[in-house]
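The next block holds one structure in the form of structure tokens; read it before the comments.
Please read all numbers here as calculations on a predicted model, not as lab measurements.
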Amino acid sequence: MNKLSVDAFLAEISTSLVKYFIKHKIEFIIRTPKSLKANIQLDKNLFIAVRYNARNERIDFALIKDNQRIFGYDNLKEWHYHPYENPSDHIQCIKPSIDKIFSDIKKVYENAVSK
């Protein structure tokens, strides 16, 4: 992902979304040529918060259940993820693809919905 425009970033998200989540609804909070804040509703109390800033390439994906992050990936300082077992932890990782992020979110989602 090299200096993606918001539209190109959204196109990547959309490709993975339809692959992993047949039922979803995107709510755009902010959508400008340089930034995106959106929530992807998966269930009543479960959504993916997506944040993207094209200027500095800041990316944040958080799976939110009952208003609490239960899993996520972001690149604040360096790429890391917040594991389902303890979402306040930061575990350093290599830069994931959008598809990997959604694949991992899908696994956590299936675990979270079954509880």
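The 12-atom threshold is not exceeded at CG of Asn67, counting heavy atoms of other residues, nucleotides or ligands nearer than 6.0 Å. Around the NZ atom of Lys37, the shell of radius 6.0 Å holds no more than 12 heavy atoms that belong to other residues, nucleotides or ligands. The 12-atom threshold is not exceeded at CD1 of Ile94, counting heavy atoms of other residues, nucleotides or ligands nearer than 6.0 Å.
Ser35 OG to Phe9 CZ: the interatomic distance, rounded to the nearest 0.5 Å, is 11.5 Å. Residue Arg69 holds its CZ atom at 14.5 Å from OH of Tyr84, rounded to the nearest 0.5 Å. Taking CG of Asn39 as the reference point, atom CZ of Phe28 lies at 10.5 Å (rounded to 0.5 Å). The CG atom of Leu17 sits 4.5 Å away from atom NE2 of His24, with the distance rounded to the nearest 0.5 Å. With rounding to the nearest 0.5 angstrom, the CG atom of Leu42 is 6.5 Å from the CG atom of Leu63. In this structure, the separation between CD on Glu27 and CZ on Phe47 is 8.5 Å, given to the nearest 0.5 Å.
Listed here is the closest heavy atom pair of Ile91 and Pro83: CD1-CG, 3.7 Å. For the pair Ile70 and Leu46, the tightest heavy-atom approach, listed with the atom from each and the gap, is CD1-CD1, 4.2 Å. Contact record, Phe21 with Ile105: CZ-CG2, 3.9 Å, taken as the closest heavy-atom pair.
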Problem - Residues Tyr109, Lys65; criterion side chain to side chain contact (heavy atoms under 4.5 Å, CB included); working and verdict - result: CA-CA 9 Å; Tyr109 166 82; Lys65 181 179 182 184; over 6 Å; no
Exercise for the section: Apply the test side chain to side chain contact (heavy atoms under 4.5 Å, CB included) to residues Val6 and Lys34: give CA-CA distance (whole Å), side-chain angles for both, the deciding distance (0.1 Å), then the verdict. Expected result: CA-CA 6 Å; Val6 167; Lys34 297 289 182 189; 5.5 Å; no
Exercise for the section: Determine, step by step, whether Ile101 and Ser103 satisfy the side chain to side chain contact (heavy atoms under 4.5 Å, CB included) criterion, reporting the C-alpha distance in whole Å, the side-chain angles of both residues, the deciding distance to 0.1 Å, and the verdict. Expected result: CA-CA 5 Å; Ile101 291 170; Ser103 171; over 6 Å; no
Exercise for the section: Verify side chain to side chain contact (heavy atoms under 4.5 Å, CB included) between Val50 and Ile40, making sure each step is shown before the conclusion. Expected result: CA-CA 8 Å; Val50 178; Ile40 303 166; 3.7 Å; yes
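Asp74 and His82 share a donor-acceptor pair across their side chains, judged by distance under 3.5 Å alone. With no hydrogens or angles considered, a side-chain donor-acceptor pair links Asp99 and Tyr20 at under 3.5 Å.
Tested against Glu78 for a side chain to side chain contact (heavy atoms under 4.5 Å, CB included), the candidates Lys95, His90, Gln92 yield a single pass: Gln92. Under the side chain to side chain contact (heavy atoms under 4.5 Å, CB included) test applied with Leu36, the options Leu10, Ile30, Ile29 reduce to a single match, Leu10.
Remark: side-chain polar atoms of Gln41 are paired, donor with acceptor, to backbone N or O of Lys44 under 3.5 angstrom. Side-chain N or O atoms of Arg51 include none that pairs as donor or acceptor with a backbone N or O of Phe61 at under 3.5 Å.
At a threshold of 4.5 Å between non-hydrogen side-chain atoms, the residues Tyr73 and Ile59 do not count as touching.
Between Phe71 and Tyr81, the ring-plane angle classifies as tilted under the 30° and 60° cut-offs.
Looking at Arg58 and Asp60, a side-chain N of the basic residue comes within less than 4.0 Å of a carboxylate O on the acidic one, giving a salt bridge. No salt bridge links Asp43 with Lys23; every basic N to acidic carboxylate O contact stays at or beyond 4.0 Å. A salt bridge links Asp7 to Arg31: at least one charged side-chain nitrogen sits closer than 4.0 Å to a carboxylate oxygen.
When hydrophobic clusters are built by joining Ile, Leu, Val, Met, Phe, Trp and Tyr residues whose side-chain heavy atoms come closer than 4.5 Å, directly or via intermediates, Val108 is not grouped with Ile64.
Phe102 does not carry Lys19 over the face of its six-membered ring by the limits of under 6.0 Å from the centre and within 45° of the normal.
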